[in-house]
Amino acid sequence: MRYENRLSQRYHVLQRRNIGCRPNLHRDLELVYVCRGRCLLHTGGRAWPMGAGCLALLFPNQVHFFEDQGENECYLMVCSPDEFPEYQGVFQNQMPEVPVADCAVAELPALFRRLLELAQEVKGDGDPFRRGRLRGYALALLSTALPLFPMTAVGTGASTVRRLLDYCDANYMQPITLEQAARALGLSPYRICHICEERLHVSFHRFLCALRLERAKDLLSSTGDTVTQIGYGVGFGSLRAFNRQFRAYTGMTPTDYRVQCSRR
């Protein structure tokens, strides 16, 4: 399981050959459009076949991965839901009933192509007009895609995993215990452990630690905060614990990681 974090990059747009990847989750929206070939989207304990003209829509904190079925070529956009305040009610209170739509909509590939061009233009560019155009095309893509997916209200059944992930995402900077999470979510500690082992393939404490460390990695590479500020800010109780866990997770100290990022 990989927890991805892109706090320093608002829009991640690319064209990929062979979309296959290992299980991951992140706090962003993800849209994948298959241009040619076939693949499988795995999410919610099911496999969803995708062929040319299919679009996948994944909401924040939705565990998923793609499996190639021969050669394929896809457009991918990953971006923060905070970029689209128009749809905050949808992102917070609903989720797609089915994550894949067969949608031969002519505008979709054209919108993805234009987004790809704009994303390259604004890379390292502070021009607010370019960034405004990028958001405009991203909003057009999302406005075209969302009506293709029937939505269901977020409840306590199929969305239990999402509720747990949302809770961790909102509270990771605090000293959360398994018992506190269980009380907050109205679940037993055993149920939370079972969810983590079955769906995330990791213990609750290891997932929480990985979440904190991924946040720390992004802050080290994108801010001027001190190592101490970052360690305490992401929820570690001491600088020693932060340094130890960070080295075990990445193979280097937080300071060495920051130096490495500055050389890229």
Side-chain angles (χ1 to χ4, degrees), residues 1-6 9-81 83-84 87 90-91 94-125 130-131 133-152 199 201:
M1 170 59 61
R2 178 177 62 187
Y3 195 102
E4 298 177 348
N5 188 41
R6 300 186 177 89
Q9 188 173 7
R10 291 183 178 180
Y11 299 93
H12 187 74
V13 187
L14 50 87
Q15 187 171 12
R16 282 188 57 177
R17 180 169 296 172
N18 298 337
I19 193 72
C21 61
R22 61 180 175 171
N24 67 92
L25 68 150
H26 44 71
R27 67 194 313 185
D28 298 320
L29 294 167
E30 181 171 333
L31 290 90
V32 174
Y33 180 83
V34 180
C35 302
R36 64 175 182 85
R38 302 191 64 81
C39 64
L40 287 174
L41 166 63
H42 294 264
T43 188
R46 290 185 57 182
W48 305 88
M50 297 182 65
C54 285
L55 179 71
L57 174 63
L58 296 153
F59 273 25
N61 285 335
Q62 191 171 351
V63 183
H64 65 280
F65 69 96
F66 289 92
E67 178 185 353
D68 296 323
Q69 301 230 294
E71 292 287 322
N72 60 71
E73 189 170 336
C74 304
Y75 285 118
L76 168 73
M77 183 179 80
V78 182
C79 60
S80 170
E83 291 292 298
F84 310 104
Y87 296 123
V90 177
F91 304 144
Q94 301 181 53
M95 61 188 305
E97 291 180 2
V98 176
V100 173
D102 189 354
C103 48
V105 180
E107 298 94 327
L108 283 175
L111 286 168
F112 271 109
R113 283 194 296 270
R114 186 59 182 136
L115 274 166
L116 189 60
E117 294 168 359
L118 285 168
Q120 293 300 318
E121 290 177 12
V122 303
K123 192 173 291 185
D125 184 355
R130 290 183 191 272
R131 295 194 177 279
R133 288 197 296 274
L134 179 60
R135 181 191 179 274
Y137 274 95
L139 180 59
L141 175 63
L142 195 60
S143 299
T144 304
L146 281 173
L148 302 172
F149 294 85
M151 297 288 169
T152 184
R199 302 295 293 276
H201 308 291

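As a basis for the values below, the full set of heavy atoms in this structure was taken, side chains included, without hydrogen atoms, waters or symmetry mates.
- Residues satisfying the side chain to side chain contact (heavy atoms under 4.5 Å, CB included) criterion with P60, sequence neighbours excluded, are L29, P81.
- You'll find the side chain of L141 reaches within 4.5 Å of the side chain of L115, heavy atoms only.
- With sequence neighbours excluded, the residues forming a side chain to side chain donor-acceptor pair (under 3.5 Å) with E83 are Y11, listed by chain and number.
- The side chain to side chain contact (heavy atoms under 4.5 Å, CB included) search around V34 returns C39, M50, C74, not counting sequence neighbours.
- At least one side-chain heavy atom of H64 sits under 4.5 Å from a side-chain heavy atom of E30.
- Among residues two or more places apart in sequence or in another chain, the ring pair (Phe, Tyr, Trp, His ring centres under 6.0 Å) test is passed with F84 by none.
- Atom CD of residue Q69 and atom CD1 of residue I19 lie 14.0 Å apart, to the nearest 0.5 angstrom.
- Between L57 and L146, some side-chain heavy-atom pair lies under the 4.5 Å cut-off.
- The shortest distance between side-chain heavy atoms of L31 and L58 does not fall below 4.5 Å.
- Annotation: side chain of M95 is not in contact with side chain of V90 (no heavy-atom distance under 4.5 Å).
- Residues that satisfy the ring pair (Phe, Tyr, Trp, His ring centres under 6.0 Å) test with Y137, not counting sequence neighbours, are absent from this structure.
- Nearest heavy-atom pair across D28 and C79 is CB-O, 3.2 Å.
- In terms of heavy atoms, R38 sits closest to G51 at NH1-CA, 3.8 Å.
- Rounding to the nearest 0.5 Å gives a distance of 5.0 Å between CG of L148 and SG of C103.
- For Y87, the ring pair (Phe, Tyr, Trp, His ring centres under 6.0 Å) test picks out no residue, with sequence neighbours left out.
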### Task
Check the pair H12, H26 against ring-ring contact (aromatic ring centres under 6.0 Å, His included), reporting the backbone distance first and the verdict last.
CA-CA 13 Å; H12 187 74; H26 44 71; 9.7 Å; no

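- A pairwise comparison of heavy atoms in V98 and F149 identifies O-CD2, 3.3 Å as the closest pair.
- By the 30° and 60° cut-offs, the orientation of the rings of F59 relative to F91 is perpendicular.
- With contacts defined as side-chain heavy-atom distances shorter than 4.5 Å, the pair T152/Q94 does not qualify.
- In this structure, Y33 OH and L55 CG are separated by 8.0 Å, a value rounded to the nearest 0.5 Å.
- Between P49 and L40 the shortest heavy-atom distance is CA-CD2, 3.5 Å.
- Note: L111 CG to M77 CE = 9.5 Å, rounded to the nearest 0.5 Å.
- Partners of Y75 according to the ring pair (Phe, Tyr, Trp, His ring centres under 6.0 Å) rule, which considers only residues two or more places apart in sequence or in another chain, are F112.
- The shortest side-chain heavy-atom distance between T144 and L142 does not fall under the 4.5 Å cut-off.
- Screening residues 134-149 for salt bridge (Lys or Arg N to Asp or Glu O under 4.0 Å) gives E86-R135 as the qualifying pairs, with residues at least two apart or on separate chains.
- Residue pairs meeting the salt bridge (Lys or Arg N to Asp or Glu O under 4.0 Å) criterion with at least one partner in residues 51-72, sequence neighbours excluded, are absent.
- Applying the side-chain hydrogen bond (donor to acceptor under 3.5 Å, both in side chains) test to residues at least two apart or on different chains, the pairs with a partner in residues 106-115 are R114-E117.
- Sorted by first and then second residue, the salt bridge (Lys or Arg N to Asp or Glu O under 4.0 Å) pairs involving residues 40-52 (not counting sequence neighbours) form an empty list.
- A donor-acceptor pair under 3.5 Å links the side-chain atoms of N72 to the main chain of N18, judged by distance alone.
- By the salt bridge (charged side-chain N to carboxylate O under 4.0 Å, His left out) test, R36 pairs with E73, sequence neighbours left out.
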